Amino acid sequence: MGRISEIIRQDIQNMQAYAVADVPPGSIKLDAMELPYRFEPPLMEALVRELVQAQVNLYPNPAVSGLQPLLKEVFRIPEQAQVVLGNGSDELIQLMTMLVAKPGAKVMALGPSFVMYRHNAQLFGLDYIEVPLHADFTLNLPALLAALDEHRPDLLFIAYPNNPSGVCFSRDEVAAAIEAAPGLVVVDEAYGAFSEDSFLNLSGCEEKLVVIRTLSKIGFAGLRIGYAAGHPAVMGELAKIVPPYNMNQLSLVAAKFALRHYDWVAEKVALLKAERGRLFDGLSALPGVTVFASQTNFLTIRVPDAASVFEALRESGIWVKKLHGSHPLLAQCLRITVGTPEQNTVVLANLGRILAG
């Protein structure tokens, strides 16, 4: 790169770009926690009629788009909470990190957890402290409380339920961590629709608490719609660093349409939760497989040889996520998105064949 390598930050040159798999057409794609359903033709046609009316020649104004009131209504977000929109929850995670990015600031998260917490802390030159989970991916509350007391982080991320394990921590434990945290706490509920619990009901009540959610996991990953709900004192500051046109007209129109037809989403979520249970039972019955409890739309499993099982599944046209090598606690682990009943049956049959072989 010559002169360019002297200009670009060395720490960025040392980073690895987030890898997105190029999945061949016709494959069973179960690597990215996407909903395996699209609107049926009548709903899709109605959506298209609304999209053609979108004013794509004009800049969007997300603040007055009408999406925030719908989000509050559908997800029962408290009236006192303020909602800020993001281009996916990824942007909001980055902006929350930017909000505290000053010399000496610290970011804390659990490990293993969503990789972008560490990535963004490093991107902004912040100290990153990881508190290890137990071997079964449950929360080690004494260790977390001790770390909070020792390091006094400006920002704490808690994925609830956690990714990439799928495990949902005890609400009482998370509440204890929020109370003990000296700085801001982001409860990342990307998989909240598949969980039995949520902290959304407290958003706007506790000044340091921010709850982040997304429409990506419930059928609309392509729209890139995330939202943060929190106390106006914090959300007002966050709004100052949100790019003025960070959303687009088509996504805003489509997201409002999706929320007005949330009964369709709820039906698909219920189906996937039932399939999650069937897939859990089927995987648990396979020899040498350990399945971890999940309140998400995926299951994390441990197999005797994750690399060979991953390759064998891929050769069979099934794409899952190989977690092995990304964290010591994820040794020999794979992550499988819950698919349609037909897809899940194919996964179980192929895994059974691979493990028997």
Side-chain angles (χ1 to χ4, degrees), residues 17-40 43-44 47-48 50-51 54 60 62 65 67 70-71 74-75 84-95 113-117 119 159-164 166 188-195 211-228 246-273 275-276 294-300 318-321 323 335-340 343-344:
Y18 190 94
V20 178
D22 184 16
V23 179
S27 302
I28 296 178
K29 189 178 187 300
L30 302 175
D31 65 334
M33 294 84 76
E34 297 143 324
L35 197 79
Y37 298 101
R38 298 177 65 193
F39 283 142
E40 288 77 18
L43 278 178
M44 190 62 75
L47 171 59
V48 169
E50 293 201 17
L51 289 174
S65 65
L67 182 54
L70 271 173
L71 288 166
V74 171
F75 298 112
V84 173
L85 302 178
N87 195 331
S89 57
D90 289 330
E91 183 182 43
L92 293 166
I93 290 167
Q94 183 179 70
L95 292 174
S113 197
F114 187 36
V115 296
M116 298 308 290
Y117 305 151
H119 176 83
Y160 185 77
N162 194 28
N163 171 30
D188 183 355
E189 295 189 359
Y191 303 90
F194 301 93
S195 176
V211 180
I212 290 180
R213 281 200 167 198
T214 177
L215 301 191
S216 295
K217 314 306 178 187
I218 56 174
F220 311 101
L223 297 183
R224 310 308 300 131
I225 298 285
Y227 58 99
N246 65 325
M247 318 301 292
N248 70 78
Q249 296 281 28
L250 296 177
S251 288
L252 291 170
V253 169
K256 288 185 287 186
F257 182 90
L259 292 178
R260 292 199 302 271
H261 295 87
Y262 196 77
D263 54 339
W264 179 90
V265 176
E267 176 187 309
K268 302 308 181 191
V269 168
L271 174 58
L272 285 186
K273 289 169 73 173
E275 276 298 296
R276 180 182 66 195
S294 173
Q295 287 195 30
T296 64
N297 65 337
F298 64 84
L299 290 169
T300 294
I318 301 169
W319 288 69
V320 300
K321 180 72 172 181
L323 301 175
R335 185 183 64 198
I336 306 172
T337 304
V338 179
T340 65
Q343 290 173 332
N344 298 331

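Small disclaimer: the values here were computed from a predicted structure and weren't measured.
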Open item on the list: Between R276 and T296 (side chain of the first, backbone of the second, donor and acceptor by atom type, cut-off under 3.5 Å), is there such a pair?
Closed with: yes
Open item on the list: Going by the rule ring pair (Phe, Tyr, Trp, His ring centres under 6.0 Å), which residues pair with Y37 if we only count those two or more places apart in sequence or in a different chain?
Closed with: none
- [ ] Report the distance from atom NE2 of H119 to atom CG of D90, rounding to the nearest 0.5 Å.
- [x] 10.0 Å
TODO: Ignoring hydrogens and angles, tell me if any N or O in the side chain of N163 forms a donor-acceptor pair with the backbone of F114 under 3.5 Å.
DONE: no
Task: Aromatic ring proximity Y191/F194, centre distance under 6.0 Å - done: no
- [ ] For residues K321 and P164, determine if any side-chain heavy atom of one lies less than 4.5 Å from a side-chain heavy atom of the other.
- [x] no
Task: Test side chain to side chain donor-acceptor pair (under 3.5 Å) applied to S65 - qualifying residues, sequence neighbours left out - done: none
TODO: Give, for atom CG of L92 and atom CZ of R213, the distance between the pair rounded to the nearest 0.5 Å.
DONE: 14.0 Å
Task: Nearest atoms (heavy-atom pairs only) where M247 meets P60 - done: O-CG, 3.1 Å
TODO: Heavy atoms only: give me the nearest A190-T214 pair and the separation to one decimal.
DONE: O-CG2, 3.7 Å
- [ ] With sequence neighbours excluded, tell me which residues meet side chain to side chain donor-acceptor pair (under 3.5 Å) with D31.
- [x] K29
- [ ] Mark yes or no for whether S251, through its side chain, and N248, through its backbone, hold a donor-acceptor pair below 3.5 Å.
- [x] no
Open item on the list: For a quick test of reading the model, state the closest non-hydrogen atom pair linking A193 to I218 and the distance between them.
Closed with: CB-CG2, 3.5 Å
Task: Pairwise distance CG(L47) to CZ(R38) - rounded to 0.5 angstrom - done: 9.5 Å
Task: Shortest non-hydrogen contact from A221 toward E34 - done: CB-CG, 4.4 Å
Open item on the list: Checking R224 against S216: is there a side-chain donor and acceptor pair closer than 3.5 Å?
Closed with: yes
TODO: Name all residues meeting the side-chain contact (heavy atoms from CB on, under 4.5 Å) criterion together with P25; count only those two or more places apart in sequence or in a different chain, and write none if there are none.
DONE: none
- [ ] Starting at CD of E91, measure out to CD1 of I212 and round the result to the nearest 0.5 Å.
- [x] 10.5 Å
TODO: Could you tell me the separation between the CG atom of L215 and the CG atom of L71, rounded to the nearest 0.5 Å?
DONE: 6.5 Å
Open item on the list: Under a 3.5 Å distance rule, please check whether N87 uses its side chain to pair with a backbone N or O of N246 as donor and acceptor.
Closed with: yes
TODO: Please list all pairs passing the salt bridge (charged side-chain N to carboxylate O under 4.0 Å, His left out) test where one or both residues lie in residues 247-272, with sequence neighbours left out.
DONE: E40-K268, E50-R260
- [ ] Kindly give the heavy-atom pair with the smallest separation between L43 and H261, and that separation in Å.
- [x] CD2-CD2, 3.3 Å
Task: Distance, nearest 0.5 Å, that separates CG of L259 from CG of L67 - done: 6.0 Å
Task: Set of side-chain contact (heavy atoms from CB on, under 4.5 Å) partners for T300, sequence neighbours left out - done: F292, F298, L323, C333, R335
TODO: Return the orientation label for the Y262 and F75 ring planes: parallel under 30°, perpendicular over 60°, tilted otherwise.
DONE: perpendicular
Task: Side-chain heavy atoms of V115 within contact of Y18, under 4.5 Å - done: yes
Open item on the list: Can a donor-acceptor pair be found, under 3.5 Å and without considering hydrogens, that links the side chain of T337 to the backbone of L30?
Closed with: yes
Task: Closest approach of G166 to P161 (non-hydrogen atoms, all atoms of both residues) - done: O-CB, 3.9 Å
- [ ] If the plane angle is over 60° it's perpendicular, under 30° parallel, otherwise tilted; pick one for F39 and F220.
- [x] tilted
